[in-house]
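The structure under discussion appears below in the form of structure tokens.
The sequence lines fix the lettering, A, B, ..., with proteins before strands; numbering per chain opens at 1.
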Amino acid sequence: MELNIRRALFEGYRALIGSLRFGSRGTIIWDSWDMWLLEIIILPLAQISFFEILATYANYSPAMVQYVVIGNAIQTMSFSSVFAVANITSSDKWQGTLPSILLTPASRASIIMGRALYQIIMSTLISTTGLLYAYFLFGVNFSSANYLFLAVSLLLTSISMISFGLLISTIGLYMRTAMIVANVFLFIGLLVCGVNFPISELPVWLRPLSYVIPLTYGLDAVRLSIAGAGFYAVGIYLLYLVIDGLAVFSMALLLTKTFERLARKSGRLEIY
Amino acid sequence: MPENCVETSLLHREYANKDFFGRVKSTVTALHELDISVKYGELFGIIGPNGAGKTTTIKILSTLLLPTSGTARVLGMDVTRDLYRIRKNIGIVFGGERGLYNRVTGFQNLMYFSDLYGVPPSVSRKKVPELIEMVGLTGRENDKVEKYSRGMKQRLHIARALVHDPPLLFLDEPTIGLDPAGSRDIRQIINDLKKAGKSIILTTHYMFEADELCDRIAVISKGRLVALDMPSGLKKQVKDITLAEVHVYGDATPLIESLKSIENVSRVFSDMTGDRTIVRIQTPDGSDVLEQAKSAASRLNLKIIESSVKEPTLEDAYLRMVEE
Amino acid sequence: MSSGEVSRVQVVKASMILTARNFFADPQWVIPSIIAPFVFTLVSLFLFSHVNGPILLYAVLGGGMMGMWGTTVYGSGSSIGFDRWNGTLECTLSAPTPLMWIVLGRVIWNTLEGSINALFILAIGFLWFRVGIGIADPGLFAISTIITFLSLSAFGLLLANIVVLSRKGGFLTNGIEIPVYIATGTMFPIGLLPFFVQGFSFALGPTWGIDAIRKAAIAGYTGLPVSIYVDLLVTVLATVVYMALSAYFFTKVEKIAKRNGTLGDY
Ligand SMILES: Nc1ncnc2c1ncn2[C@@H]1O[C@H](COP(=O)(O)OP(=O)(O)O)[C@@H](O)[C@H]1O
Ligand SMILES: [Mg+2]
């Protein structure tokens, strides 16, 4: 019995390392140094600039312009947390490697987590660059920021957003449209998660989406940390974030199993 | 009109492997000073193992690739200069799964390429259905290509290369990956095209295919021309591996000894299976040697159960040439 | 033996039709290229909803422009890549027609697709945000739109080239989209941009095109300090320059392809 557990742990570890290596190669598109440059340096700058200028032109108050800058700095992590993660399955399908990966006896969760780990690092890195831009180029005030809370908020936001990316990638196991879904969710956060304006301005029918995507809570936690809010104020959003992240992750696992069964039934693993 | 539709002289091609900064790290010689000429109306085969330089040759002749040095003339024109005029008069078929627009129909693929080749619509509207008929796709022309079988795609590929009715065709491994029936269909089409007077250059690594179809064959290996002859001529080069075979009952040792002394016999091997001995005699002169073996056996009172002569195949010739 | 030139009109038309057929066979693939402009426009409309005056029309027109840009950039960037992916690159390259005309057909279709995308964005703006429909000068508006459309196609053609030449297709097509939205003033006047970016803006035909479109649509719109006719003239000039550059680069692309035996393997 004990041996079995140790073996399972060992196998889990091997699968995790293997998938981590795979994850670092990323998808087909995102695989070279220039893509890194794009993902970490250029895209965040472009996106923050666009909305900062836009907010200025729309006569936003300086405080609201800062709100927009921070929101976009964090949202850019979607490139690696949602888009890249959601694309993993479709790239497997595309290369025809999905059946061979699913054939390995490694547990689904360890494969998935191994891949996710790399993206967690990337996401945190991207948002950190975004915040550096916010400070150095867009004059966001960090004087009362609580860096410990900020770091924790960033990390938890990355993790939960990757869970969300996994949920979307799961759809790719079954549907032909994984790539498209990935694209939609890459940008939809801009609209519904309180990146550029509070969600109270959204029509009511769009708000449920806001509450599902972890970015909404992550943004609140990050903004409060930068503003220097206390433990309880930040903590409550971190709690929401963790709960939402866990819920989304369990959903992803559940759907993976269901879809895998369905896909095996209908023979769709190879189709793209 | 000159007699040859394709002429190459010292045709040479190297590929450069570059490093990260674009500096040349190493070069691969894909084609080494090739000299071939192909007559009008001829079906000319190029055979050779993977990486021999067959595709490179085809690409240079079809103006898709520049030679590093040397010259090639196609239909009397220089491949490095007259490319659009050459292209209008040649058709190219690449083997393999790809090369067609999968999401549109076979008919639409052919119409599209007709336009790219500048075929007037009034002509292509008549020509395309004819081609579809010729490659046996009638009834399926309005299905999307993604629904076609591998063999149907390959036939469509051939039709695609014919939309502008070129006098010269290049076929690069057109039967690769097809099942026997699919390959037979393609060979049939190639034969018909030859009968229709097209000049054809075909690469393949299926020997029986080259043997069955080609008037002349160039064997290339590692970018070099190692032989160029008619299939029968190539086979003659390995005449020495003709095998005469006799099966006898009992101890064949005296027979083997006497066979070894016959002129022209290069080797004799034997095999005991059950109660019989199989004696194989390697010689350039199969039937003659077989007769001598038969009389030697009757002199030694050995009963012959079976006898045969196996002529060398193109494959034997090929293997000998590319392994040397 | 046949000789004589292949008609360019025939080639452009054929390639446009084939691209359209490919699109209709699986139209969902347009979504990746429309989603960013669409969301960006919606967000902009939310941000502008506090502002009074014709700014909503301004934003909706800008959104339409982004929609066209998005599809053009994405489609052009992938037009050669599509053949490579599909395995038809050799067949396409071996046709007796300069590659430029084949790609032009594709780019025109992509821009058309972008226009439909733009109309969609306009419709959302009008229906959801109740942006007023009044177009000040419909005639000039139509002319400006058509000229801008052409300059977008020409830009797409140039881009398709650069993508192949630089071998960094993904980098360009993914990285250029938002900077182009910023530089061409789709959502805010380029006067708000840093000085060095403005230089880049003026080199982009569509910057002038969208200015002309807005001048024709919004009564009293100031925009760039020149008359609408100057805007249009510059747009046309830019289009001609892009076409000339494209022709030059395409010859280069074909030369490189033949020398290396491939159009960059990636
Ligand atoms: N684009 C290329 N870059 C570098 N080397 C190449 C390229 N294409 C072919 N080669 C090399 O040239 C040689 C001949 O290739 P090829 O003509 O494709 O052979 P074949 O068609 O006979 O299999 C091989 O060694 C191959 O690796
Ligand atoms: Mg080959």
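B:V93 does not touch chain C: none of its heavy atoms, backbone or side chain, sits under 4.5 Å away. Proximity to chain C (any heavy atom under 4.5 Å) is restricted, for B:F94, to the side chain, taken from C-beta onward.
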Name each donor-acceptor pair under 3.5 Å that joins a side chain in residues 158-170 of chain B to protein atoms two or more places apart or in another chain, with its distance.
unit_1: B:R160; atom_1: NH2; unit_2: B:I92; atom_2: O; d: 2.9
unit_1: B:H164; atom_1: NE2; unit_2: B:I90; atom_2: O; d: 2.6
unit_1: B:D165; atom_1: OD1; unit_2: B:K198; atom_2: NZ; d: 2.6

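Residue C:S94 holds its OG atom at 9.0 Å from CG of B:L116, rounded to the nearest 0.5 Å. To the nearest 0.5 Å, atom CZ of residue C:R259 and atom CG of residue B:L66 are 8.5 Å apart. The distance from the OG1 atom of C:T88 to the OH atom of B:Y101 is 3.5 Å, given to the nearest 0.5 Å. Taken from CZ in C:R21 to CG in B:N109, the straight-line distance is 10.0 Å, to the nearest 0.5 Å. Taken to the nearest 0.5 Å, the CG atom of B:L64 stands 8.5 Å off from the NZ atom of C:K258. Separating the CG atom in B:N102 from the CG atom in C:N22 is a distance of 9.0 Å, to the nearest 0.5 Å.
Remark: the backbone N or O of C:A95 is paired with a side-chain donor or acceptor of B:R87 at under 3.5 angstrom. Checking side-chain atoms of B:R85 against main-chain N and O of C:P96 turns up no donor-acceptor pair under 3.5 Å.
Of all the listed residues (C:T92, C:T97, C:V11, C:D83), the one sharing the greatest number of non-hydrogen pairs under 4.5 Å with chain B is C:T97. Listed options B:V119, B:D115, B:T80 were ranked by heavy-atom pairs under 4.5 angstrom with chain C; first place goes to B:D115.
The shortest non-hydrogen separation linking C:Q10 to B:P121 is NE2-CD, 3.9 Å. Residues B:H157 and C:C91 approach most closely at CE1-SG, 4.1 Å, considering heavy atoms.
For B:Y84, the OH atom counts as densely surrounded, since its 6.0 Å shell holds more than 12 non-hydrogen atoms of other residues, nucleotides or ligands. In this structure, C:F202 places its CZ atom where more than 12 heavy-atom neighbours from other residues, nucleotides or ligands lie under 6.0 Å away.
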Trace of the side chain to side chain contact (heavy atoms under 4.5 Å, CB included) decision for B:Y112 with C:I102: CA-CA 11 Å; B:Y112 172 66; C:I102 301 177; 3.6 Å; yes

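Within residues 122-130 of chain B, no residue approaches chain C closer than 4.5 Å by heavy atoms.
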